[in-house]
Structure formats: structure tokens, C-alpha cells
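The sequence lines fix the lettering, A, B, ..., with proteins before strands; numbering per chain opens at 1.
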2 protein chains.
Amino acid sequence: MPTQPPAAPRGLTRKGQATRERIVATAADLIFEKGVDHTTIDDVRTAANVSSSQLYHYFDDKPALVRAVVEHQADTIVGGQEQFDLSSLRGFRKWREFVVSYERSLNCRGGCPIGSLGGQLSETDQDARETLAVGFKRWEQTIRTGLRSMQELGRLRRQADPDKLALATLAALQGGLLLSQIERNTRPLEAALDAMIDLIESQSAKRA
Amino acid sequence: MPTQPPAAPRGLTRKGQATRERIVATAADLIFEKGVDHTTIDDVRTAANVSSSQLYHYFDDKPALVRAVVEHQADTIVGGQEQFDLSSLRGFRKWREFVVSYERSLNCRGGCPIGSLGGQLSETDQDARETLAVGFKRWEQTIRTGLRSMQELGRLRRQADPDKLALATLAALQGGLLLSQIERNTRPLEAALDAMIDLIESQSAKRA
DNA sequence: GGCAGACTGGATTACGCGTTCCAGTCTGCA
DNA sequence: TGCAGACTGGAACGCGTAATCCAGTCTGCC
């Protein structure tokens, strides 16, 4: 359940909605590349081919646009995450491969599309921070669901705590992405994910 | 080995050096609270009680000041880290307690003094990014040293990879801090650190 | 087919903030 | 005790950028 129906189309023409969408997507790309504060309204204006009055027709001000971007990124990332079946170690390994190669394809630039926003907005935009928190909760949820069915299927020991493992896995992912972004090398990301997979394996039921 | 001798005192009076130090420390605090881009030169000026010409006497421009802050934070954090003996599980648990209660005392504001800088600077200031990378390498090193001696002391299995574990632990810490900052709750941080400690324990030599 | 309101364009404004300038005072050293 | 250069103060400048304004055009609906 998203915070709202997919971006309240309160009296927006189909065309208007498309324009709005284009602005958000463009802004999301630019912000991912250059960060919130180094992406100017004018940058977005130019890249999305809209005039400033158009932009302010759809968004009250820059923070409002940024919040729309936050929701957009959360939807995109969590949506992509749901493609993976994390109810087995094999599934986790596949996911690990995907994440690492994705990061490598970006040359470790930008970090996590959501996580990097967290560092930039948490202390300056309370509203954005809460939206991010909701996004992460959803993300955590998808991992948790995988681990819980892993346990229900008897693949994970009963004593294991899938909820805590899910949260830790998300944290490891975020930290790995951050360090990889700083070092411009996927090694930290790999080490972090491998560690979590090792931990899950060590708590798997196979030996019981 | 830091990038430079502790901030080249090229022809600075003792008093001048103190002033410079005060500026950096003040800037570090403000940047930690509000982020790089929302901390203005004027904020620093006021809080540190210096005039703008003083500030520009010591630093070429804002990026130069920011870089000085990065080095300052890296020295502070890594220095503090070295107090802990991570050559035993007990040491790790003590460290875990310290980190969590520290974060709690800040009400989860600000995240990691170094890590949060990474997200803000990696894509905009190449130079700062590299300085951060060096800082993290030093930090990683202190954890690695602990794990290596843990292994040498026979507390960690020979098959374990202390270097990779150290990197993963640092990543888990960073991710935990980031998520805790966003959620304003220490749970993610605790889950991340506990997971790494569990992993290390599962690879300890006690059962061998 | 007309009109209300969604939508677009571009010029203009207002101001925050980094940076510079100049005119001084203090301080270590010969 | 003089003087070079480290150090300080505060006013002023100029640019980048968010935001506004007004003058339009398009579009769905009765």
C-alpha cells in the first residue's frame, strides 16, 4: 500500500499527468546524478523541456518536487525488488549478483537511489524523511516476506529471527552501497551482502 | 598515514592555528547537524566568531573548508574507534553497546559523521571523496586488526576471512546508522551490528 | 460552439550566499 | 625598536537560483 493512490491525479488532464510524470522522472535522474542541492529547478526545466510556470503549475515549490521524486524512487526501487524471490539461498544469491552488477554498471556512481536521498534530506526535510522511512519499510517488508517463507518452508531454523535478519540485510545493502560509492569499487557491497548470506546460511535448517 | 601531516601548519602562529582549529571544529558541528549545503559560510562565521576575511585567510574557499572538515571528522572518529579492542567477541559487544547508546543519545540525528558526508560529497567533490575513502580505509583497518588478532589468538576459525568480515562490519555499521537516521530509531543499527556479531560468533573457533 | 479551467511560455523579481576588498592591528624576530 | 607578515574587521559586490507574474493557447464538457 503506497502512501497515496499513485500521485493524486486531482483534476489533471491525461496530457498534464504525462507532463508531470516526465518532470518527476527527469528530476529523479538529475538528483540521482548530482544530488538534491546541486540540481537546480532550471536543470530540471531544461532537461524535461518545460517552462518554469509549468513546473510551478504542478508543484508548489522545490521541496514539493523533491518529495514527489522520493515517492517515485521508492516505488521504482521497491517495485524492482519485488521481482526477486528471496525464499531460498539461491534466490538471495541471484539477488546479490543482480545488485552488484547493477552497481558495477554505474561505475559505483550515485549509490542507492533512495538511500542517498536519506543522507541528504533527513536533517532538512522532515516530510521527505518520513516518506523515505515508509519506502524503506516497504523494502524491508519484501525481504522479510522472503525470509519468513524460507522459515515456513523449513529452510531456516525456527530459532532464527527473519524480521531482524531482514532489517540487517537492508542495512548491509545500504552500507555496502554507500562505501562502494565512496571507494568507487564494488568490494564493500560484495563483502556486506556475502556476509549476510553467510549468516543466513549458517542459520539454515540443513544441518539440523 | 594521513594524507598530509596533520593540516600543514605552514607559517601559522600558535594563535592562528587555534583560530583555524576553532573554525574547522565549528564547521564540523554545523555540517553534521545541517549538512554541507545548508551550512553557510555565514553560519560558520557567526558560530565561530570570526570575520569572513579571517575565514578566507585560512581557507581558499568553501570546498577547501569542507575538505578540512572531512579530515577533521575522519581523525576524530577513527581516533575514537581505536579505543576499542576488537580482538574478542566481548570487545565487539562492548563496541556495539557504545555505538548504539551514542546514536541514541543523539536521538538518531545526523547519522555517521563521516558516512553522511560521503552521500553528500561523493558526486560533487572528487577530492573530498578521495579523502573520505582514505578515512574509511583507516577505519576498516582498525576493525581488521582486531579480527586478525582474534584469528591469530585462535578465537576465529582459520577458514574465516578477517579482511572481508571487517569490511562487511563497517558496511553494516554505516547502513545501520543511515537507516536509523531515517527512521529515527536505533533498531536498524542494532539489527545490523548484532547480525555481524552473530556471524563472527558462528565463525569462532570455540566449537572446532 | 462557447466557456471554464487546465495548461503553456518567457520575462522579471528578490534575495541568499560565496567571495572580494581595503583598511587596519597585533606579533615574532633581527 | 622597527618592520614584515600574520592576523582581524566589516562593508560591498555579483552571481546563481528559487519563485512570481501576466499574457496567452489548448481542451473537455454542457
Item to check | Worked verdict on A:Asp85 versus A:Ser87 for side chain to side chain donor-acceptor pair (under 3.5 Å) | outcome: CA-CA 6 Å; A:Asp85 172 25; A:Ser87 67; 2.9 Å; yes
Between side-chain atoms of residues 107-120 of chain B and protein atoms elsewhere (two or more places apart, or another chain), which donor-acceptor pairs fall under 3.5 Å?
unit_1: B:Ser116; atom_1: OG; unit_2: B:Cys112; atom_2: O; d: 2.8
unit_1: B:Gln120; atom_1: OE1; unit_2: B:Val36; atom_2: N; d: 2.7
unit_1: B:Gln120; atom_1: NE2; unit_2: B:Ser116; atom_2: O; d: 3.2

Item to check | Donor on one side chain, acceptor on other, B:Gln181 and B:Glu103, under 3.5 Å | outcome: no
Item to check | Gap between atoms NE2 and P, on A:His57 and C:dA6 respectively (whole Å) | outcome: 7 Å
Taking only N/O atoms, report every protein-nucleotides 22-27 of chain D pair under 3.5 Å with atom names and distance.
none

Next on the checklist: By the side chain to side chain donor-acceptor pair (under 3.5 Å) test, which pairs, at least two apart or in different chains, include something from residues 24-38 of chain B?
Outcome noted: B:Lys34-B:Asp43
Next on the checklist: List the residues meeting side chain to side chain donor-acceptor pair (under 3.5 Å) with A:Glu183, not counting sequence neighbours, and say none if there are none.
Outcome noted: B:Lys137
Checklist entry - If you take all heavy atoms of B:Arg184 and A:Ser122, which pair is closest and at what distance? => result NH2-O, 3.4 Å
Next on the checklist: Less than 3.5 Å apart, any donor N or O on the side chain of A:Gln126 or A:Arg129 sitting next to an acceptor on the other?
Outcome noted: yes
Next on the checklist: Mind checking if B:Thr19 touches a base, just sugar-phosphate, or nothing, with heavy atoms under 4.0 Å?
Outcome noted: sugar-phosphate
Item to check | Test: A:Arg96 and A:Glu190 ion pair at under 4.0 Å | outcome: yes
Checklist outcome for this item: Rounded to whole Å, the CZ-C1' distance (B:Phe59 to C:dT19) equals 16 Å
Item to check | Nearest-angstrom distance from the residue atom OH of B:Tyr58 to C1' of C:dT19 | outcome: 18 Å
Checklist entry - Does B:Gln54 have a side-chain nitrogen or oxygen under 4.0 Å from the phosphate oxygens OP1 or OP2 of D:dT8? => result yes
Checklist entry - Does the C:dA11 base have a donor-acceptor partner in the side chain of A:Ser52 within less than 3.5 Å? => result yes
Could you go over nucleotides 15-18 of chain D and give all protein N or O partners under 3.5 Å, atom names and distances?
unit_1: D:dA18; atom_1: OP1; unit_2: A:Lys62; atom_2: NZ; d: 3.4
unit_1: D:dA18; atom_1: OP2; unit_2: A:Ile41; atom_2: N; d: 2.8

Checklist entry - B:Asn49 has an atom CG; how far is it from atom P of D:dG9, in whole Å? => result 8 Å
Checklist entry - Rounded to the nearest Å, what distance is computed from the NZ atom of residue B:Lys34 to the P atom of nucleotide C:dG16? => result 14 Å
Item to check | Distance in angstrom units between B:Leu55 CG and D:dC7 C1', rounded | outcome: 13 Å
Next on the checklist: Could you work out, with ring-ring contact (aromatic ring centres under 6.0 Å, His included) as the rule, every residue matching A:Tyr102, not counting sequence neighbours?
Outcome noted: none
